[in-house]
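Right, one structure below, let's go through it.
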Protein chains: 2
Amino acid sequence: MAGEVVLLSTKMSMYGMRANIALIEKGVKFEYKEEDLTNKSPLLLQYNPIHKKIPVLIHNGKSVSESLVIVEYIDEFWNDRAPLLPSDPYERAQARFWANFVDNKASEVLRKIRTTKGGELEAAKKEFFETFKQLEAVLGDKPYFGGDTFGFVDAALIGFYSWFYVYETFGNFKIEAECPKIIAWAKRCMQRESVSISLPDQKVVYEFVLGLRKKFGLD
Amino acid sequence: MAGEVVLLSTKMSMYGMRANIALIEKGVKFEYKEEDLTNKSPLLLQYNPIHKKIPVLIHNGKSVSESLVIVEYIDEFWNDRAPLLPSDPYERAQARFWANFVDNKASEVLRKIRTTKGGELEAAKKEFFETFKQLEAVLGDKPYFGGDTFGFVDAALIGFYSWFYVYETFGNFKIEAECPKIIAWAKRCMQRESVSISLPDQKVVYEFVLGLRKKFGLD
């Protein structure tokens, strides 16, 4: 019995998008509940009392938190279809390594691009291209990080694509010129229903970020 | 075929200890190679070109990096004995959540205790006890985080125990008074050969840290 599945998330979160994508890839019926992070719901506080962060997956009344942990859980519970992680232990380890790389290295670089100026921003841009060129090298000539099929690293990374216009605008640079493979990969992912449904439009994300900056007096 | 197994690590690294413990728990024969992090070996640079960090597991010439990824790999490759992760997807997700908690929350708190003074140190100590009380609540009355058997979260956390004397001395506090269950758990783990072999003596770690601080002019 698959039972009741609820996802607590926010539309703009690249971490929340991962869980949304994985559920759609698996064909799981679920209820999506949008959280207001400035006024967290009792449900969020109840089901993720440790971090009080989205995304949270509630499955038959039991919760799973941390986006990559959620994606692995979805992959393991609904293990009869659309595998996200490969079956070979070594390949699984490589997928986990690169998903961690996205979480640590790529997230940090992208945060710097949004929040720095001047010399720091220039250094962040250099680091951005180094990081994404490393990812391009891993992708190689494969259609997906998962090989011929959309997988764990694809689900981990693709949400950032919806923020690319934000990074390009704040950083005053173009990603495609330096990382054409990443853009081609992202566009390929966007042809999947799971991804196109889960990712907001890049301009909508940009307006959201502008709104946040105004609200917190950063502009 | 299990083939040739080499672990690149340093004796003082709580992250390296995880891999060492997992290999011994599984009864895997392996060659341990101590790395000098001030003069990294060509082997380390070759096998972890992305992060250039220990631990690295080299198995039949292929490498796995990131300590928790290594432990999961060991658990999945040698899956016929001493399971570290539970078999149930929900329980697996919980184990991964708490191992991540150790990596993010606990590691960060412990770093603060080693590197701060005054009011910042007092705040770090408060956070330390909050964090370890959360871990005590998860442990509950079970002998191990893994339940009746030593598991993934146990392997992830126990290495920090070898640094407890460092934290207590720098922080001028006693852990056992506030977190007796964690200390009882750690002593229980220390009765396992895998752990007692892998963890250096607490005083040796303290001397090591003093040496580092002297070398970098921090004292």
Side-chain angles (χ1 to χ4, degrees), chain A residues 2-3 19 22 26 47-53 55-80 85-107 130-131 133-135 137-138 152-153, chain B residues 2-3 19 22 26 47-53 55-80 85-107 130-131 133-135 137-138 152-153:
Chain A
K26 292 281 183 175
Y47 281 105
N48 189 1
I50 301 297
H51 298 307
K52 304 176 182 69
K53 290 195 304 189
V56 177
L57 186 77
I58 308 173
H59 185 193
N60 287 328
K62 293 196 292 188
S63 65
V64 181
S65 304
E66 295 284 312
S67 63
L68 292 179
V69 176
I70 292 173
V71 174
E72 278 217 57
Y73 172 76
I74 292 168
D75 199 35
E76 293 187 349
F77 189 88
W78 289 277
N79 63 358
D80 57 338
L85 277 157
S87 56
D88 174 70
Y90 180 75
E91 297 300 325
R92 292 166 72 82
Q94 295 311 303
R96 290 190 184 114
F97 174 86
W98 287 107
N100 277 346
F101 177 88
V102 171
D103 258 16
N104 298 322
K105 193 88 190 281
S107 294
E130 278 168 14
T131 302
K133 279 180 192 301
Q134 284 176 319
L135 288 168
V138 176
F152 190 58
V153 180
Chain B
K26 293 281 183 176
Y47 281 105
N48 189 1
I50 302 297
H51 298 307
K52 304 176 181 68
K53 290 195 303 191
V56 176
L57 186 77
I58 308 173
H59 185 192
N60 287 329
K62 292 196 294 187
S63 64
V64 181
S65 304
E66 295 283 313
S67 63
L68 292 180
V69 176
I70 292 173
V71 174
E72 279 217 58
Y73 173 75
I74 292 168
D75 199 34
E76 294 187 349
F77 189 89
W78 289 277
N79 62 359
D80 58 337
L85 277 157
S87 57
D88 174 71
Y90 180 75
E91 297 301 326
R92 291 166 73 82
Q94 296 310 303
R96 290 189 185 114
F97 175 86
W98 287 107
N100 278 345
F101 178 88
V102 171
D103 258 17
N104 298 321
K105 193 87 190 281
S107 294
E130 278 168 14
T131 302
K133 279 180 193 300
Q134 284 176 319
L135 287 167
V138 176
F152 190 59
V153 180

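Numbers restart at 1 for each chain; the letters A, B, ... are given by sequence-line order, proteins then strands. Keep in mind that the numbers below use all heavy atoms, side chains included, and drop hydrogens, waters and symmetry copies.
- Interface residue A/Arg92: only side-chain heavy atoms are found under 4.5 Å from chain B.
- In this structure, the separation between OG on B/Ser65 and CZ on A/Phe101 is 12.0 Å, given to the nearest 0.5 Å.
- Screening A/Leu68, A/Val69, A/Asn100 for a side-chain contact (heavy atoms from CB on, under 4.5 Å) with B/Asn100, the sole residue that qualifies is A/Val69.
- Between the CZ atom of B/Arg96 and the CD atom of A/Glu76 there is a distance of 4.5 Å, given to the nearest 0.5 Å.
- For the atom pair CD1 of A/Ile50 and CH2 of B/Trp98, the computed distance is 3.5 Å after rounding to the nearest 0.5 Å.
- The choice from A/Gln94, A/Glu66, A/Lys105, A/Lys62 that makes the most heavy-atom pairs within less than 4.5 Å of chain B is A/Lys62.
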| task | Any chance you could lay out the side-chain contact (heavy atoms from CB on, under 4.5 Å) test for A/Tyr90 and B/Val64, step after step, and finish with the verdict? | result | CA-CA 8 Å; A/Tyr90 180 75; B/Val64 181; 4.0 Å; yes

